[in-house]
Structure formats: C-alpha cells, structure tokens
Amino acid sequence: MKRTKISRLFDPGLLGSEVSVKGWVRTRRGNKHVQFVALNDGSTIRNMQIVFDMSQFTDEQLKPITTGASIHVTGLLVESMGKGQTCEVQARTLEVYGTADPDTYPLQKKGHTLEFLREKAHLRPRTNTFGAILRVRSALAFAIHSFFNERGFTYLHTPLITASDCEGAGAMFQVTTLDLNDIPRNDDGKVDYSSDFFGKPTALTVSGQLEGELGATALGEIYTFGPTFRAENSNTPRHLSEFWMIEPEMAFYDITDNMELAEDFVKYCITYALDHCRDDIDFLAQMYDKDLVERLQFVVHNDFVRLTYTEGVDILLKSGKKFEFPVYWGADLQSEHERYLVEEHFRKPVILTDYPKEIKAFYMKQNEDGRTVRAMDVLFPKIGEIIGGSQREESLEKLSARIAELGIPEKDVWWYLDTRRFGSVPHSGFGLGFERLVLFVTGMSNIRDVIPFP
Ligand code: ATP
Ligand code: MN
C-alpha cells in the first residue's frame, strides 16, 4: 500500500479506507488497554493520532515508540471521538524504522526555547515551530516566483562569485585558492593575484543588482532570487552573513512604478501565505505572536504611506522621543527610527523616498536639488527596512561624474556604464531580503530562526 501524507489524510473523502502512514513520533500516552501516538510527517503542523488497541499489540512491540522514533503504520482511517482531532488511524500493522533513545534524543516533548533550538540547529526542523516556519518559507519562495512569472518577468541568475566590488552594499567575503600560509607577493609586497584561481581578487556577491541591470536593459523586466553574502557585523536580530535576496530590475519604470510594484509584491506574498499556510501561521501566532494574523491582514488591506526622507526626519525630530542614535538630516536611519515612523506615528507600512545622496549608492538617480537621490526604502512593523531600492541614474554623464566623485575606478565599471552608453533607458529596481519577509510573515523575532541553517 502506498503511503499517504498526513496532510492528505484529513481529506474527509478518505474516511473509512485503509491507509499507510509514515512519520516521526511526537508523543505516546495511554494505558494497558489502549495507546495513542501523535505522529507527524512534516507535511502539516497537524499530527495524526494513531490508536493502538492493546489486545492486538504487545507492550514489547510498542516499547520502541518513543518521542522522535520513526514508524510505519497501516490501519483504518476513522472519525475521531477524541478532542482536538477530526480523524485517527486504528493501527493494524506496525513497523519501527528507527528508534530514538529517550536518554539522548534532545527534543523531548516539553517546549524548548528558541535559544536552545539554535544550538540544536541540525534537529530543530523536527519541531512544530521549525516545521511551520520552513513550510511558510517554502510557500513564500513559490509565491515570489509565481508573482513575477504572472507578470512576465524573466528569472535571471546572477553570479555568486564576482570580481565586481563596487556595489558597496556591505563588506565582502573573499574567495581564493591561494595558499594562505604561503601567499605569493609582488615586488611591492602586495598579494600577487595573478596566480589566484581567477587571476584577480574575487569575492562572494553582496547583491546581484548591477548584473540585474544588464538583464533589465535587454529583457525589460527581470528578477533575481538567490544567496547573498555580507561580512558585516551581523550580530543583530535582522542581519545574517548568508541570506537570500530577491532583486527585480525593470526598464521603463520610474520610482512611482517601482513603489507600486514593491507594494503589490509584498502584499501578494503575504496573501499567498495566509491562503496556503493558515494552519502554520495560526500555530505560530498562538505560540509566539498573538497579533500576527491581524498584522498580516492589516498590511494586505492598507495602502502604504509614502513620504520623503526629509519629511520623515522632520517627524522624528518633532516626536520628542529619545532615540539611542541621534536624528539629523543626513543621518542613516536606524531600525529604531524606522520603527517609530511605522509603529507609532503612522501605524502603517511606510515607503520613504529621496534620501541624501551621501548615504545611498552611486547608481541612484540624482534629484534636481543636488542633495538627494531617488531612493525608496519600504519600512515594516517589527522589521524596519524590508526593501531597499531606487530609480537608477540613466544619464551617462551624471553617473560618470558621481563615480569619479566617489573615486570608483572606471576600469571596474566600464561594463556597467555601457548600459548608459548604449540605449540607456529610465529604469528602477529594488532588493527584498527574503528572511526579513519570512520574519514578518511568521511573526518570529530573530532572523536566525527563519533560515534553515543560520
Ligand atoms: P540594513 O540597513 O538593514 O543593513 P541595507 O540598507 O544594507 O539594510 P540593502 O543593501 O538595501 O540593505 O539590501 C536590500 C535588502 O536586503 C534590505 O532591505 C534587507 O531586506 C536585506 N538585507 C540587507 N542586509 C541583510 C542581512 N545582512 N541579512 C538579511 N537581510 C539583509
Ligand atoms: Mn546593511
């Protein structure tokens, strides 16, 4: 008999049929007449109750069925009299695949703290919490692809190992095959990269954007979705050194088109998760964050507030609130400032635009005022910045001038400047940190808890 996943067993059409179910034991309880096993196979947060009539099984047979053991049961799927479940399996046969010694298996049934589970990262996917998070994460990844696919975007794969280090989004992890105990040096004492694998210094990517622009100025609308690496001080609940980023880049979009796309995009993903992962989200809400569902629905049903950085700074200055980091025009906003605007002032997601050019990247479109650029950051409750983007500078002249001003060597960016040299168009794009979206949708508060292996 073929195995049926537990998620499917709750389909009322299967009641009264003989089924085969496989999974890991969560708990076993009962008495000498009847034993109940809660079985989970990872397909759903819900456990299937397996009922063992002890006139047909021996104590010896059930002894290995402890928390964490893996078993295969066949039996009749019937309506359940018990509280909290709609159906159960009356066991007919039992096969134990693998035992889990109660003295050494770390995930006993009592609730563990998230800190404890971070130490047991190799086993934590077997807990209810991480099962739920990982299913939501997977559904969100699917939603992302379907959103862009429905709109005719091309999925572009940008390199992970790169020699372009001018993005400036964060410190990079160097990639080398040089023998670190015996580094070849030039006459001037500098490292001789000519004998390195690529013949020059290379690193893991901090963003696929620049290559994304090459795609957008050929294919029209592209998106990337892949691993990103930043060797920054990531000792915060919102930074990882290895994370996933989604970076759409669109020809013929101005900043307003860009904001509209960003807002539609996050709303689509959240709606998808609410529609397809409701059991998991309800579980996480009940365990960690009572307002989760309400917050998700609120974001889906409300327009994001749009205002400029300058207006935002004014509000912060007038708030009378004491912040850890000082607020002044020109300051890079910290998460506490972003969250004040979102959670206390507007009580809505906010899109801040037109930041001072000094705190933003070189490629952003320069405004007439000479002081600001056409940047846009989307700020969310509990998270702060979830998206960073901009309209890009399409003028070769202005972009070259900015590059020279910042001292970026032309030999590193000639290929990028070719997009402006030949058939340049107005265009825009943004980056969404995937784990920040998963954080928001799951209601978790530490980014280490929404990636399988932080
Ligand atoms: P922050 O100010 O929060 O460090 P950033 O300005 O460095 O963000 P961008 O370079 O604009 O971020 O990157 C785009 C998006 O990638 C951010 O809006 C955020 O969602 C995500 N992101 C950036 N750095 C990290 C990180 N270290 N870990 C996880 N996500 C990140
Ligand atoms: Mn950063």
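By convention here, the first residue in the shown sequence is residue 1. Order of appearance sets the numbers: ligands from 1, and atoms from 1 within every ligand.
Comparing Ser241, Ser335, Gly433, Gly431 by heavy-atom distance to atom 21 (C) of ligand 1, the nearest is Gly433. When the heavy-atom distances from atom 27 (N) of ligand 1 to Glu385, Glu232, Lys360 are ranked, the shortest goes to Glu232. Scanning Arg230, Glu242, Glu338 for the heavy atom closest to atom 7 (O) of ligand 1 points to Arg230. One option in Trp244, Phe243, Phe229 has a heavy atom closer to atom 31 (C) of ligand 1 than any other, and that option is Phe243.
In this structure, Phe142 places its CZ atom where only 12 or fewer heavy-atom neighbours from other residues, nucleotides or ligands lie under 6.0 Å away. The environment of CZ in Arg421 is crowded: more than 12 heavy-atom neighbours from other residues, nucleotides or ligands sit within 6.0 Å.
For the pair Glu249 and Arg392, the salt-bridge criterion is met [side-chain N within less than 4.0 Å of a carboxylate O]. The residues Asp254 and Lys365 are annotated as not salt-bridged, no charged nitrogen and carboxylate oxygen being separated by less than 4.0 angstrom. Here Glu336 does not pair with Arg339 in a salt bridge; the nearest charged N to carboxylate O distance is not below 4.0 Å.
Atoms of ligand 1 found under 4.0 Å from any heavy atom of Gly388 (numbered from 1 in listed order, with element): 11 (O), 18 (O). Listed by atom number, the atoms of ligand 1 under 4.0 Å from Met245 heavy atoms are 13 (O), 14 (C), 15 (C), 16 (O). Near Arg238, the atoms of ligand 1 lying under 4.0 angstrom from a non-hydrogen atom of the residue are 28 (N), 29 (C). Residue contact check: Ile447 has heavy atoms under 4.0 Å from atoms 29 (C) of ligand 1. Atoms of ligand 1 lying under 4.0 Å from at least one heavy atom of Ile387, given by number and element, are 18 (O).
Checking only distances, Ile386 does come within under 3.5 Å of ligand 1, N or O to N or O.
Under the salt bridge (charged side-chain N to carboxylate O under 4.0 Å, His left out) rule, Asp41 has a single partner from Arg3, Arg8, Arg26, Arg46, which is Arg3.
Taking the six-membered ring for Trp and the full ring otherwise, Phe323 and Tyr340 have centroids separated by under 6.0 Å.
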